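Worksheet: one structure, shown below.
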Amino acid sequence: MLRALLLAPPGAGKGTQGQRLAEIYGVPHLATGDLLRQHVAGATPLGVEAKGYMDRGELVPDRLVIELILARLTGDEPLRGFVLDGFPRTLNQARDSRSWGRARRTTFQAVISLAVEEDELVRRLLERGRRSGRTDDNEVTIRNRLRVYDESTRPLLDFYRGRGILVEIDGTGAVEEVTARIRAALDHILGLPIEGTISRFVQANPKGPGQGDVPGLLRRVAETLAGLGPVEVTGLTLENQPTEDGPWYSVSVYFHPGDAGDGRSRGRTTRGPLPSSS
Ligand code: AMP
């Protein structure tokens, strides 16, 4: 069962990747930022105390966050697996969670860092602020959060590197590509069959939505599956994603190798421009 932590600056994709990984590995996604925002929305004593720090882009005091996350991990049913997102964020929190995990034999198996250039982080956060209205996604607070990350959280990279569990991933590119990179690393650590990704992407479509080579994309999915030999297809998902070059979609096919029969599913992903709804 996966016990992993995402360690990355704001805007690097922790939330998005955390949700996807939790779903893939069948464990809960625990994001301290989300938990704190729930407390702020509910105006609980913790939320009232945390709000000022969050609005300024500062870290909420360790004691509040540690209490919050440990309550969630121990809860009524202690969690054996999880993807943590946004915790620990200070050396103090890291040391606390380490001694907590060691006492329960549930230390992290992997700490995933996502590397993204600062300009790109600011661009993504401003964009998210425009779309979601998150109050701390404004330029002044963003700069402060990045500074706080450098000062308080970045030292954790060395902390986990020293323990041999840091996995450094390039966080740029399409969401699916980043997920695939993380999966390849995690599957290796967990001893699962390593998944390859197909990188024959259709180029962004200059003519706009609806003009893409959708039959070609589906043909490639079929050809890829055929090229894998005997497989049992267990699922198929279609997702779409807006990009600067127009909407794209992603087809993921989940399957068991026909001859392995070990019940593990693997996926292959291929993408193309979004077909028009007409
Ligand atoms: P996030 O959604 O992860 O960007 O977190 C939003 C805000 O919540 C941060 O800017 C901090 O103010 C606060 N926060 C989240 N996680 C922590 C943590 N582990 N320690 C301290 N403050 C946190």
Side-chain angles (χ1 to χ4, degrees), residues 1-31 33-34 81-87 108-117 120-121 123-125 127-128 131-132 160 165-202 204 217 220-221 224-225 228 233-245 247-257 264-274:
M1 181 147 330
L2 179 67
R3 293 184 306 279
L5 147 68
L6 282 154
L7 182 59
K14 289 192 302 290
T16 307
Q17 296 299 337
Q19 276 167 14
R20 294 172 67 92
L21 294 172
E23 204 171 292
I24 290 167
Y25 291 96
V27 292
H29 170 229
L30 297 179
D34 290 347
F82 44 77
V83 173
L84 282 185
D85 155 4
F87 178 90
F108 301 136
Q109 293 155 313
V111 175
I112 303 150
S113 88
L114 299 174
V116 178
E117 294 281 329
E120 172 66 7
L121 295 173
R123 193 193 64 73
R124 289 185 188 182
L125 289 166
E127 172 66 24
R128 185 174 74 184
R131 274 190 286 113
S132 73
Y160 291 117
I165 54 171
L166 184 69
V167 180
E168 300 187 72
I169 303 285
D170 172 5
T172 57
V175 169
E176 294 84 357
E177 289 170 47
V178 178
T179 308
R181 286 178 206 135
I182 301 173
R183 281 190 77 174
L186 286 181
D187 286 356
H188 180 69
I189 290 166
L190 297 174
L192 295 174
I194 294 181
E195 170 179 331
T197 49
I198 295 162
S199 52
R200 282 171 285 166
F201 299 149
V202 174
L217 175 69
R220 283 207 315 285
V221 172
T224 303
L225 284 172
L228 291 169
V233 175
T234 55
L236 194 129
T237 60
L238 180 67
E239 286 172 79
N240 66 55
Q241 192 198 345
T243 73
E244 281 175 357
D245 301 316
W248 288 65
Y249 72 98
S250 143
V251 179
S252 300
V253 184
Y254 295 89
F255 56 86
H256 298 306
R264 286 166 175 168
S265 68
R266 298 192 209 169
R268 289 289 189 279
T269 302
T270 191
R271 310 185 307 152
L274 189 72

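Just so it is clear, the structure is predicted and the values come from calculations on it, not from any experiment.
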Open item on the list: Under a 4.0 Å threshold between the charged nitrogen and the carboxylate oxygen, would Arg20 count as salt-bridged to Glu23?
Closed with: no
Open item on the list: Any carboxylate oxygen within less than 4.0 angstrom of a Lys/Arg side-chain nitrogen, looking at Glu177 and Arg181?
Closed with: yes
- [ ] Check whether any side-chain N or O of Lys14 sits under 3.5 Å from a backbone N or O of Leu6 as a donor-acceptor pair, and report yes or no.
- [x] no
For the student: nearest non-hydrogen atoms of [X] and [Y], plus distance:
X	Y	result
Val175	Thr16	CG1-CG2, 3.8 Å
His29	Gln19	ND1-CG, 3.5 Å
Phe108	Val111	CD1-CG2, 4.2 Å
Pro10	Leu121	O-CD2, 3.4 Å
Pro28	Ala22	C-CB, 4.0 Å
Phe82	Leu30	CB-CD1, 4.4 Å

Task: Student check: side-chain heavy atoms of Tyr25 and Leu186 closer than 4.5 Å - done: yes
TODO: Indicate yes or no: at least one non-hydrogen side-chain atom of Thr179 is less than 4.5 angstrom from one of Gln17.
DONE: yes
- [ ] Give me the one residue out of Ile112, Leu5, Val167 that meets side chain to side chain contact (heavy atoms under 4.5 Å, CB included) with Tyr160.
- [x] Leu5
Task: Among Leu190, Ile189, Ile24, side chain to side chain contact (heavy atoms under 4.5 Å, CB included) partner for Leu2 - done: Leu190
Open item on the list: Can you list everything that forms a side chain to side chain donor-acceptor pair (under 3.5 Å) with Ser113? Sequence neighbours excluded, please.
Closed with: none
- [ ] Using salt bridge (Lys or Arg N to Asp or Glu O under 4.0 Å) as the criterion, list what pairs up with Glu117, not counting sequence neighbours.
- [x] none
